[in-house]
Amino acid sequence: MISNATLIAIDLPNPADAAGDVDYATVAGLSVRCALGSVEAAEQFAPDERLEGGSAKLTVLDASLAVIANAAARTPSPGQRYHVQAEGESAAVYRVHSATHHPKGGLSHWVVQLSL
């Protein structure tokens, strides 16, 4: 996989309080290489990829996520926030909209649909 970005932090949502507000626990200090790209028009409506409504797509290998010490951060889940720094750019914070796992032996990976 050709990488063009680094996942530098993951915000894990805590349960909402009585007012419906959510705060986050941040898993920082990460250096997980990944591929960040735009969502293609055809993918926005592909139900098997669940990419509808997204602004970006991140692909990351299982082996890359395995180095994260916090087990809850190893599995992309809706509601998490990803801090991603594309090469030559400032970091951006995306909300995980959905994630699809693709088990392929040594190349098992996640395709994560992100929204700004």
Side-chain angles (χ1 to χ4, degrees):
M1 179 179 83
I2 298 174
S3 301
N4 65 351
T6 304
L7 177 61
I8 58 175
I10 299 173
D11 296 334
L12 303 172
N14 291 312
D17 63 17
D21 296 325
V22 176
D23 63 336
Y24 293 83
T26 300
V27 178
L30 304 179
S31 184
V32 176
R33 295 296 292 162
C34 53
L36 182 67
S38 61
V39 176
E40 302 294 327
E43 292 174 312
Q44 289 179 347
F45 305 103
D48 60 326
E49 292 292 331
R50 296 181 296 168
L51 293 173
E52 59 278 344
S55 57
K57 171 174 72 170
L58 181 131
T59 304
V60 60
L61 294 172
D62 285 6
S64 298
L65 291 174
V67 302
I68 299 173
N70 184 315
R74 288 185 216 132
T75 302
S77 301
Q80 294 175 340
R81 295 188 307 206
Y82 276 22
H83 300 249
V84 181
Q85 184 169 9
E87 291 176 353
E89 302 290 331
S90 298
V93 180
Y94 296 91
R95 183 179 59 83
V96 174
H97 182 69
S98 66
T100 304
H101 189 244
H102 297 272
K104 302 194 184 286
L107 295 177
S108 294
H109 63 279
W110 287 91
V111 175
V112 184
Q113 188 265 337
L114 305 169
S115 300
L116 282 174

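The structure displayed is predicted, hence computed values, not measured ones.
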Indicate the atoms forming the closest heavy-atom contact of Asn4 with Leu36, along with that distance.
OD1-N, 2.7 Å

Can you list the residues that meet the side-chain hydrogen bond (donor to acceptor under 3.5 Å, both in side chains) rule with Thr6, with sequence neighbours excluded?
Arg33

Enter the distance from Leu114:CG to His97:NE2 here, rounded to the nearest 0.5 Å.
10.5 Å

Is it true that Val67 and Leu7 fall in one hydrophobic cluster, defined by side-chain heavy atoms closer than 4.5 Å?
no

Under the rule for side-chain hydrogen bond (donor to acceptor under 3.5 Å, both in side chains), what residues qualify as partners of Asp23, not counting sequence neighbours?
Asn14

The criterion is side-chain hydrogen bond (donor to acceptor under 3.5 Å, both in side chains); which residues satisfy it with His109, sequence neighbours excluded?
none

Tell me, please, which residues at least two apart from Arg81 pass salt bridge (Lys or Arg N to Asp or Glu O under 4.0 Å).
Asp11

Could you tell me which residues satisfy side-chain contact (heavy atoms from CB on, under 4.5 Å) with Pro13, sequence neighbours excluded, listed by chain and number?
Val22, Tyr24, Gln80

How would you list all residue pairs meeting salt bridge (charged side-chain N to carboxylate O under 4.0 Å, His left out) that involve residues 63-73, not counting sequence neighbours?
none

Heavy-atom closest pair (Ala9 atom, Ala28 atom, distance to 0.1 Å) is CB-CA, 4.1 Å

Is there a donor-acceptor contact under 3.5 Å from the side chain of Thr100 to the main chain of Ser98?
no

With a 4.5 Å heavy-atom cut-off, do His101 and Asp62 have their side chains touching?
yes

Suppose we screen for side-chain contact (heavy atoms from CB on, under 4.5 Å). Which residues come up paired with Ala73, at least two apart in sequence or across chains?
Ile10, Leu12, Val27, Ile68, Asn70

Non-neighbouring partners of Ala91 that pass side-chain contact (heavy atoms from CB on, under 4.5 Å), sequence neighbours left out
Ile8, Gln85

Can you tell me how far apart OG1 (Thr59) and NE2 (His102) are? Round to the nearest 0.5 Å.
8.0 Å

Atom pair OH (Tyr82) and CG (Leu58), whose distance is rounded to the nearest 0.5 Å:
7.0 Å

Partners meeting side-chain contact (heavy atoms from CB on, under 4.5 Å) with Pro15 (sequence neighbours left out):
none

